[in-house]
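Encoded as structure tokens, the structure appears first; notes follow it.
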There are 2 protein chains.
Amino acid sequence: MTADCAIFGFSGDALRVLLVRRAVEPFKGVWLLPGGAMQPDETLEDTATHLLRNLVNVENVPIHQVATYSSPDRHPVRRVITTSYFALVSPEDHDPIAREYLDRVKWCPVEQLPELGFDHRLILHDAYEALKDELRQQPLAFHLLPDSFTLKEAQEVYESILGEELDRRNFRRKILAYDFLINTEQKKPGVKGGPELYRIDDAKLGQYLQ
Amino acid sequence: MTADCAIFGFSGDALRVLLVRRAVEPFKGVWLLPGGAMQPDETLEDTATHLLRNLVNVENVPIHQVATYSSPDRHPVRRVITTSYFALVSPEDHDPIAREYLDRVKWCPVEQLPELGFDHRLILHDAYEALKDELRQQPLAFHLLPDSFTLKEAQEVYESILGEELDRRNFRRKILAYDFLINTEQKKPGVKGGPELYRIDDAKLGQYLQ
DNA sequence: CCAAAAGTGTTTCGGATACACCCATGC
DNA sequence: GCATGGGTGTATCCGAAACACTTTTGG
């Protein structure tokens, strides 16, 4: 029993997902989603949370269960049932660390995926769809932004995740309708137009999540 | 590793869910959702499908995965991870059969649930929410109806599942917008108003499912 | 005939979309 | 000063919801 995690990150340009490369057989040299075996006294959520801590060194990032995959032949050697999760983090937080049975770790743009081992292509596809569904229903991407940010930057996060362009004015109205956005009354220097900087009221944002 | 299944049935009056009562310890005499252990060469979907065949003798009923529960203490004796599914069947198809470690099986109205063992109250709650979400998005309840039926009967199925009353005219327009409903040009006798009977084009209905 | 239920069409509302103008800044 | 981007408001569209009248049938 394992937990596989699609760790999505936004780095300022494109949405990326963390991939690892196995250093041991089977599937040596093949790219995979990071995964870990569930330990005797932990939940699958614990397992996924440990992955996040070990690979990208983040704590308290919400994880979302997606689905469970149980085909008997999905792993060529032994029976492995896996439950998938997704999480959203900022890649800058920490460089991913290759360790144990992995020899490489990389942030891969979701539009330029290599071949993935096992059934991880399917798992990633399902996780990405779940991420988009969630983002359309609740504002779960604001922890990717710096302490203060412009609405343009927030919009770029949304567009990168959803993979589509959004109307600037409609996006603005939609997220300003929330009350967790606080106008700092300051303008971001060095940018034409002088965009206003906003920050998040964490307590109020939390009310919209989950 | 087990699969637990919330088997929902519509019997003409209210939405019901199939509950079983354990005949052995632990939790002897306690009501539960039916569940089964995954066998070595089957998927969890297979396990859930076998439950449906053994308990209510139906085949080819679509099942929907809901979530996986892995808390170490959810089962008092040993570690059991379970993946939940829901399915929609017609209770008239077959009387449920008590066998093996069960001494009773019943169709229980979802509004009058007894105490459930383990964490099955939570599992059932999640499954019911998933059922409602799915029904709002796709017409997955028409196999509960007889070969020919009135729109009123179809509406009652929807209302029982969703637990809310629907506007007759809006409901009518919404489902007539689909092209899988065929007017048989016959009227149902014995009912005031002389409602028209419809039947389903299975091939076209299938296009809207999944 | 009359009560009850079925068939039909219109209005309204809210959210989402599309779109145009003015203002602020960097160069 | 001018090109680029930011801030603001309005018209439109679409699906959902609310709603009233006529027709058909059983009693």
Side-chain angles (χ1 to χ4, degrees), chain A residues 12-13 132-142 145-200 208, chain B residues 12-13 132-142 145-200 208:
Chain A
D13 54 347
K132 287 189 281 190
D133 283 349
E134 285 293 302
L135 183 63
R136 280 186 242 268
Q137 295 192 5
Q138 46 175 321
L140 50 71
F142 284 89
L145 291 160
D147 284 343
S148 70
F149 54 88
T150 66
L151 293 187
K152 171 77 165 172
E153 292 167 337
Q155 182 175 342
E156 285 168 349
V157 171
Y158 268 69
E159 289 176 335
S160 294
I161 297 175
L162 297 178
E164 59 184 318
E165 297 198 344
L166 302 174
D167 182 89
R168 178 170 51 95
R169 293 152 291 190
N170 293 335
F171 176 79
R172 177 188 184 80
R173 175 167 1 141
K174 178 172 181 167
I175 68 165
L176 283 182
Y178 292 114
D179 59 358
F180 59 75
L181 282 171
I182 302 169
N183 191 327
T184 63
E185 309 289 343
Q186 299 182 337
K187 296 193 173 189
K188 179 158 186 168
V191 180
K192 285 184 184 175
E196 297 169 350
L197 286 167
Y198 287 82
R199 62 186 177 84
I200 291 293
Y208 293 98
Chain B
D13 53 347
K132 287 189 279 191
D133 284 348
E134 285 293 303
L135 183 63
R136 280 186 242 268
Q137 296 193 6
Q138 47 175 320
L140 52 71
F142 283 90
L145 291 161
D147 284 345
S148 71
F149 54 88
T150 66
L151 292 187
K152 171 75 166 175
E153 293 168 335
Q155 182 176 341
E156 285 168 350
V157 171
Y158 269 69
E159 289 177 336
S160 294
I161 297 175
L162 297 178
E164 60 183 317
E165 297 198 346
L166 302 174
D167 182 88
R168 180 169 50 94
R169 295 150 292 189
N170 292 335
F171 177 78
R172 177 188 184 79
R173 177 172 5 169
K174 178 173 180 168
I175 67 166
L176 284 182
Y178 292 115
D179 59 358
F180 60 75
L181 282 170
I182 302 169
N183 190 328
T184 63
E185 308 289 341
Q186 298 182 337
K187 297 194 171 186
K188 180 158 184 169
V191 180
K192 285 185 185 177
E196 295 169 351
L197 286 168
Y198 288 81
R199 63 186 177 82
I200 291 293
Y208 292 99

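Convention: sequence-line order gives letters A, B, ...; per-chain numbering from 1.
- Scanning atom types as modelled, no donor and acceptor separated by under 3.5 angstrom connect the side chain of B/Asp167 and the base of D/dA16.
- Residue-environment remark: CG (B/Asp147) stays at or below the threshold of 12 foreign heavy atoms within 6.0 Å.
- Taking atom CZ of residue A/Phe171 and atom P of nucleotide D/dG5, one finds them 18 Å apart after rounding to whole Å.
- Within 3.5 Å, a donor on the side chain of B/Arg169 pairs with an acceptor on the base of D/dA20, or the reverse.
- As rounded to whole Å, 20 Å separates atom P of D/dT24 from atom NZ of B/Lys188.
- Closest heavy-atom contact between B/Lys188 and B/Thr150: CD-CG2, 3.8 Å.
- Among the atoms of the strands shown, none is found under 4.0 Å from any heavy atom of B/Lys174.
- Across the interface with DNA chain C, nearest-nucleotide mapping of A/Arg173 and B/Thr150 shows B/Thr150 to be the residue nearer the 5′ end.
- One can place OH of B/Tyr198 at 12 Å from P of C/dA6, the figure rounded to the nearest angstrom.
- The distance between atom CD of B/Gln155 and atom C1' of C/dA5, rounded to the nearest whole Å, is 12 Å.
- In this structure, B/Lys187 does not reach the D/dT24 phosphate: none of its side-chain N or O atoms is under 4.0 Å from OP1 or OP2.
- Sparse packing is recorded around CD of B/Glu165, with 12 or fewer heavy atoms of other residues, nucleotides or ligands lying under 6.0 Å away.
- Taking the six-membered ring where the residue is Trp, A/Phe171 and A/Tyr158 present perpendicular rings, their angle passing 60° and hence far from 30°.
- In this structure, B/Arg172 atom CZ and C/dA6 atom P are separated by 10 Å, rounded to whole Å.
- B/Lys152 has its NZ atom 20 Å from the P atom of D/dT24, to the nearest Å.
- Remark: C1' of D/dG15 and OH of B/Tyr178 are 13 Å apart, rounded to the nearest angstrom.
- Looking at the side chain of B/Lys192, the nearest of the listed nucleotides C/dA3, D/dG7, C/dT17 is C/dA3.
- Of the two residues contacting DNA chain D, namely A/Leu176 and A/Val191, the nearest-nucleotide position lying further toward the 5' end is that of A/Val191.
- The closest donor-acceptor contact from the side chain of A/Ser160 to the backbone of A/Asp13 lies under 3.5 Å.
- Scanning atom types as modelled, one donor and one acceptor separated by under 3.5 angstrom connect the side chain of A/Arg168 and the base of D/dG7.
- At whole-Å resolution of the value, CD in B/Glu165 and P in D/dC19 are 14 Å apart.
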